[in-house]
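The block underneath contains the structure these notes are about, expressed in structure tokens.
What you see is a predicted model; the values in this text were computed from it and never measured.
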Amino acid sequence: MNEPIPVIRAVDSGTAKLLPDVDRERAWLLTVDGAPQSYVDLDEPTHLEFEYVRRLAHAVDLAAPEGEPLTVLHLGGGAFTLPRYIAATRPGSAQSVIEADGGLLDLVAERLPIPAAAGITAHRADARRWLEAAPDRSVDVLVGDVFGGSRIPAHLTSVEYAAQAARVLRTGGVYAANLADGAPFAFLRSQLATFAAVFGELALIAEPAVLRGRRFGNAVLLASHTPVDTAALARRTASDAFPARVEHGDTLRRFIRDAAPVRDSGAVPSPRPPDGAFSIG
């Protein structure tokens, strides 16, 4: 059998690479300008290699009874790892994926095609503009995982953006976002303060080493109009290969401290990761 070979292609946002996993026959790592974006196993869509994606998946798993279809809006596409997972675990779900990089969408459609019956529709568009046009109370889960290179764009970090997210969620719906920061956590604290200004319930999932400021890393923010089952979430994150903590309530308020919500007029991108924090190849 022919061994798969890497694919290198210029896309709108830089140079994309698809790197085959030698240990899994039809699994691929997607990077853009050396920053890992997605890992997909075409034969096993429930295999989630990246820890932060597993944490997002835990939030989705708890959003409704097991197997129940959901309406999900994904801001940021990558190689569609989480949409594929939801299609496999919740058949009949209606999912829209918004990705600004048309070249990346073309590459994924060509090399990592999504089954026609998966219920996943891709749209080339700016995430904020698409969100602003979305109907009120139209989705059960809203996933924010948009990175320009290795940074979250500024227009997806403000109170105005959070208000749009709150508007499109149904009662009981959840917003789940992948963030990245390191000590002293100016960006992460500001994001928590921003979403606390709009949502009544917040939770944060991250590894202890990240929360203690020992290294730069991912943190998953959850926001909802109704209480999040943090006990069930904590049981799942604690059993992962890289266990994470779930912070909420008073502990989270102490972490936010005096951080202020961010408005569009003062929004900035997430911090640039230190050299080597996420880069591959």
Side-chain angles (χ1 to χ4, degrees), residues 1-57 72-89 95-127 130 143-153 156 178 180 216-218 241-242 269-270 272-281:
M1 186 180 70
N2 292 330
E3 291 291 332
I5 60 173
V7 178
I8 302 174
R9 185 173 299 178
V11 296
D12 302 357
S13 55
T15 299
K17 294 182 182 180
L18 283 174
L19 307 173
D21 186 337
V22 297
D23 295 321
R24 303 178 75 92
E25 187 175 337
R26 295 212 307 148
W28 298 82
L29 172 69
L30 168 67
T31 70
V32 177
D33 290 342
Q37 299 290 321
S38 301
Y39 178 101
V40 170
D41 187 329
L42 297 177
D43 292 330
E44 193 178 341
T46 58
H47 175 76
L48 303 177
E49 186 77 10
F50 291 174
E51 291 297 327
Y52 87 84
V53 179
R54 197 169 297 142
R55 291 164 193 153
L56 289 170
V72 186
L73 176 59
H74 301 263
L75 304 181
F80 293 43
T81 306
L82 190 60
R84 296 172 202 260
Y85 173 87
I86 294 171
T89 58
Q95 302 187 78
S96 297
V97 180
I98 314 306
E99 173 58 60
D101 191 326
L104 187 59
L105 284 176
D106 291 343
L107 174 62
V108 171
E110 176 189 332
R111 297 287 182 159
L112 307 173
I114 296 167
I120 300 169
T121 306
H123 304 271
R124 181 184 181 182
D126 175 78
W130 187 276
V143 179
D145 192 12
V146 180
F147 281 76
S150 55
R151 305 178 75 185
I152 302 168
L156 304 179
N178 175 34
F216 192 97
N218 296 98
F242 293 91
S270 64
R272 193 180 305 278
D275 290 344
F278 297 131
S279 295
I280 293 178

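The OG1 atom of T46 sits 13.0 Å away from the CZ atom of R84 when rounded to the nearest 0.5 Å. Residue D126 holds its CG atom at 10.5 Å from CD of E99, rounded to the nearest 0.5 Å. Interatomic distance, NZ of K17 versus CG of L30, reported as 11.5 Å (0.5 Å rounding). Residue L48 holds its CG atom at 10.0 Å from CG of D41, rounded to the nearest 0.5 Å. Going from atom CD of Q37 over to atom CG of L29 covers 9.5 Å, rounded to the nearest 0.5 Å.
Listed here is the closest heavy atom pair of A87 and I120: CB-CD1, 4.2 Å. For the pair P83 and V97, the tightest heavy-atom approach, listed with the atom from each and the gap, is CG-CG2, 3.7 Å. Across every non-hydrogen atom of L19 and P6, the tightest pair is CD2-CB, 3.9 Å. The shortest heavy-atom contact between A79 and S38 is N-OG, 2.9 Å.
Looking only at distances, a side-chain donor or acceptor of D12 sits under 3.5 Å from a matching main-chain atom of G102. With hydrogens and angles disregarded, a donor-acceptor distance shorter than 3.5 Å links the side chain of D33 to the backbone of T15. At least one donor-acceptor pair under 3.5 Å links the side chain of D101 to the backbone N or O of S13. Here the side chain of E49 pairs no donor or acceptor atom with the backbone of Y39 at under 3.5 angstrom.
The closest side-chain heavy-atom distance from L73 to I98 is below 4.5 Å. The shortest side-chain heavy-atom distance between Y85 and P45 does not fall under the 4.5 Å cut-off. Counting only heavy atoms from C-beta outward, the side chains of V146 and P153 approach each other to under 4.5 Å. In this structure, L156 and F147 have side chains that are not in contact, with every pair of non-hydrogen atoms separated by 4.5 Å or more.
Residues satisfying the ring-ring contact (aromatic ring centres under 6.0 Å, His included) criterion with W130, sequence neighbours excluded, are H123. Applying the salt bridge (Lys or Arg N to Asp or Glu O under 4.0 Å) rule to R151 yields no partners; only residues at least two apart in sequence or on another chain are considered. Considering only residues two or more places apart in sequence or on other chains, Y52 meets the ring-ring contact (aromatic ring centres under 6.0 Å, His included) condition with none of them. Every residue two or more places apart in sequence or in another chain that forms a salt bridge (Lys or Arg N to Asp or Glu O under 4.0 Å) with E44 is listed here: R24. Partners of D23 by salt bridge (Lys or Arg N to Asp or Glu O under 4.0 Å), not counting sequence neighbours: none found.
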Check: residues 103-119 side-chain donor-acceptor pairs under 3.5 Å, at least two apart:
unit_1, atom_1, unit_2, atom_2, d
E110, OE1, R9, NH1, 2.9
E110, OE1, R9, NH2, 3.1
E110, OE2, R9, NH2, 3.1

